[in-house]
2 protein chains.
Amino acid sequence: MNEHERITRQKELIETIGRNLEKQGIQPVAGRILGMLMVMDKEEYTFDEIVEEMKISKSSASNALRNLELREAIEYVTYPGDRKRYFRISFSDVNKLIEGVKKKFQTDADIFDEVISLKKDSNSKNACALKAISKGMRYFITILENFQNKI
Amino acid sequence: MNEHERITRQKELIETIGRNLEKQGIQPVAGRILGMLMVMDKEEYTFDEIVEEMKISKSSASNALRNLELREAIEYVTYPGDRKRYFRISFSDVNKLIEGVKKKFQTDADIFDEVISLKKDSNSKNACALKAISKGMRYFITILENFQNKI
DNA sequence: TATTTAGTTCTGTTGTTCCCGAACTAAATA
DNA sequence: TATTTAGTTCGGGAACAACAGAACTAAATA
């Protein structure tokens with residue numbers, strides 16, 4: 001793979017990552033910015049560089065960056081004698097990812113348990129199915145916790 | 001908790017579940033239908049019952065139900081001598097849930113690995129961070145597989 | 001054959017999201 | 001003090017999504 005192909009592939013990856021993030025509720029422009037900060041060789045971009053590179057307006061950039069910051073997906077650094085912010089991706093570690101999965105499962109399991117507790121017939125089809133799922137999820141959560149302790 | 005309170009709480013839960021599902025990209029009406037099929041004591045609803053219960057148009061119901069079917073979130077049964085479809089929730093078992101988590105992690109890890117492989121400097125900050133995350137994710141995937149084999 | 005039933009499809013309305021351009025601001029610089 | 005820099009905020013338009021209503025259809029029934 002020559003240099004040109006490599007760059008082309010990187011641009012394609014930015015698109016892939018962008019679409020991937022869109023599915024998770026991140027707006028298109030923000031997803032591409034995050035992708036760019038992840039894949040490009042240059043790993044710190046100023047506001048203006050982002051505006052130019054992505055060909056977006058300053059307002060779009062401003063909103064997208066604030067959004068990404070709130071999600072803790074990016075961060076910025078400044079350098080003495082330079083007013084510019086240098087944005088870079090902020091990687092959430094594996095532990096945080098696991099924490100996210102765990103939380104989601106916990107929330108769902110809690111809801112399922114409440115659904116069960118509110119059933120008139122606690123042996124109804126749905127109640128039984130939910131019990132099984134809730135149980136499985138709770139067990140899975142303990143596995144996640146073991147994993148977290150190990151790493 | 002008396003009967004009235006119980007029903008009230010069930011209705012509230014439908015809302016909670018609906019909002020929860022909206023976050024996952026399911027449209028509002030579809031989310032409430034799914035919630036209803038999950039929490040109510042009556043566990044099979046006809047098209048018309050859903051229209052009436054949710055106070056939505058037939059077209060909304062038709063679209064929402066088709067959507068939920070495509071996602072394999074609901075299914076319907078028919079009974080001999082009765083043209084109506086009886087819709088009910090279709091629970092994905094724990095294994096399927098785990099499979100979903102696994103797939104997501106796998107996709108992300110694959111993307112990360114490609115990002116790394118396309119870096120000019122494979123020891124750059126991002127490259128190193130990504131390597132660590134990818135490794136952690138791959139390890140986590142094996143844990144998931146062990147869990148799947150166990151249940 | 002005419003009507004009813006159980007939905008589906010089409011068209012239009014409303015609301016929301018995404019983004020842009022322009023005006024604005026606060027700090028640094030000339 | 002005037003200008004430049006580095007953004008933010010505001011107002012608006014285009015595109016899209018969610019839903020309703022009405023017209024339609026295919027199968028069953030009278």
Side-chain angles (χ1 to χ4, degrees), chain A residues 14-15 17-37 42 44-71 73-90, chain B residues 14-15 17-37 42 44-71 73-90:
Chain A
I14 293 176
E15 256 303 295
I17 292 170
R19 282 198 302 269
N20 221 307
L21 292 169
E22 274 187 75
K23 281 182 205 154
Q24 289 165 50
I26 288 178
Q27 65 204 78
V29 166
R32 270 64 175 184
I33 292 175
L34 202 53
M36 182 180 77
L37 295 178
K42 179 176 169 63
E44 285 185 357
Y45 283 80
T46 66
F47 185 92
D48 285 328
E49 285 169 343
I50 291 170
V51 164
E52 192 171 336
E53 196 73 26
M54 310 290 301
K55 290 165 193 4
I56 55 175
S57 67
K58 290 206 293 174
S59 55
S60 294
S62 178
N63 287 319
L65 291 170
R66 184 180 40 203
N67 237 292
L68 290 171
E69 243 188 283
L70 286 173
R71 288 172 182 272
I74 61 168
E75 58 194 11
Y76 66 85
V77 282
T78 55
Y79 296 100
D82 188 347
R83 269 174 72 202
K84 285 176 189 134
R85 297 180 192 171
Y86 289 80
F87 293 92
R88 64 187 185 198
I89 193 164
S90 153
Chain B
I14 292 176
E15 255 304 295
I17 291 170
R19 284 198 301 269
N20 220 307
L21 292 170
E22 274 188 75
K23 282 183 206 153
Q24 290 164 50
I26 288 178
Q27 65 203 80
V29 166
R32 269 64 175 185
I33 291 176
L34 203 53
M36 182 179 77
L37 295 178
K42 179 175 168 62
E44 286 185 357
Y45 283 79
T46 66
F47 186 91
D48 285 327
E49 284 169 345
I50 291 170
V51 165
E52 191 172 337
E53 196 74 26
M54 310 290 301
K55 290 165 192 7
I56 55 177
S57 67
K58 290 205 292 175
S59 56
S60 294
S62 180
N63 286 319
L65 291 171
R66 184 180 41 205
N67 237 294
L68 290 171
E69 242 187 284
L70 286 173
R71 289 172 182 270
I74 61 168
E75 59 193 11
Y76 66 84
V77 282
T78 55
Y79 295 101
D82 187 346
R83 271 174 72 201
K84 286 177 189 134
R85 296 182 193 169
Y86 289 80
F87 294 93
R88 63 188 187 198
I89 193 163
S90 153

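Lettering follows sequence order; numbering is per chain, from 1.
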- Item | A:D48 CG to D:dT4 C1', straight-line distance once rounded to whole Å | 12 Å
- Heavy-atom side-chain proximity of B:L65 to B:I33 below 4.5 angstrom: yes
- Message: I need the minimum non-hydrogen distance between B:V51 and B:S57, along with the two atoms involved.
- Response: CG2-O, 4.3 Å
- Considering only heavy atoms from C-beta outward, does the side chain of B:I56 approach that of B:R32 to under 4.5 Å? no
- Looking at B:E22 and B:P28, what are the two nearest heavy atoms and their distance? OE1-CG, 3.5 Å
- Provide, to the nearest angstrom, the distance between the CG atom belonging to B:D82 and the P atom belonging to C:dT5. 13 Å
- Heavy atoms from other residues, nucleotides or ligands near CD of A:E15 exceed 12 (cutoff 6.0 Å): yes
- Length of the CG-P vector between A:L68 and C:dC18, whole Å: 12 Å
- Round to a whole Å and report the spacing from CG of A:N67 to C1' of D:dT8. 14 Å
- Task: Encode nucleotides 17-28 of chain D as B, S and - characters from 5' to 3', where the letter depends on protein heavy atoms closer than 4.0 Å: B to the base, S only to sugar-phosphate, - to neither.
- Result: -SSBB----BBS
- For C:dG7, does OP1 or OP2 lie under 4.0 Å from any side-chain N or O of B:R85? yes
- If every non-hydrogen atom of A:A64 is compared with every non-hydrogen atom of A:V29, which pair is closest and at what distance? CB-CG1, 4.1 Å
- Query: Quick one: is C:dG7 close enough that its OP1 or OP2 comes under 4.0 Å of any side-chain N or O from B:R66?
  - Reply: no
- Message: Rounded to whole Å, how long is the line connecting atom CD1 of A:I50 with atom P of C:dC20?
- Response: 14 Å
- Heavy-atom nearest pair, B:L37 first then B:Y45, reads CD2-CD1, 3.5 Å
- Decide yes or no on side-chain contact (heavy atoms from CB on, under 4.5 Å) for A:F87 and A:E69, but give the supporting numbers first. CA-CA 10 Å; A:F87 293 92; A:E69 243 188 283; 4.3 Å; yes
Can you give the donor-acceptor pairs under 3.5 Å from side chains of residues 74-82 of chain A to other protein atoms, not counting sequence neighbours?
residue	atom	partner	partner atom	Å
A:E75	OE2	A:R88	NE	2.9
A:E75	OE2	A:R88	NH2	3.4
A:Y79	OH	A:E44	OE1	2.7
A:Y79	OH	A:E44	OE2	3.2
A:D82	OD1	A:K84	N	3.0
A:D82	OD2	A:Y86	OH	2.6

- Note on the structure: Here DNA chain C, pairs taken as Watson-Crick or G-U under 3.5 Å and shown with ( ), [ ] when crossing and | when to another strand, reads ||||||||||||||||||||||||||||||
- Task: Please state how far atom CG in B:L65 lies from atom P in C:dA6, giving the value in whole angstrom units.
- Result: 15 Å
- CD1 of B:I33 versus P of C:dG7: gap in Å, rounded? 13 Å
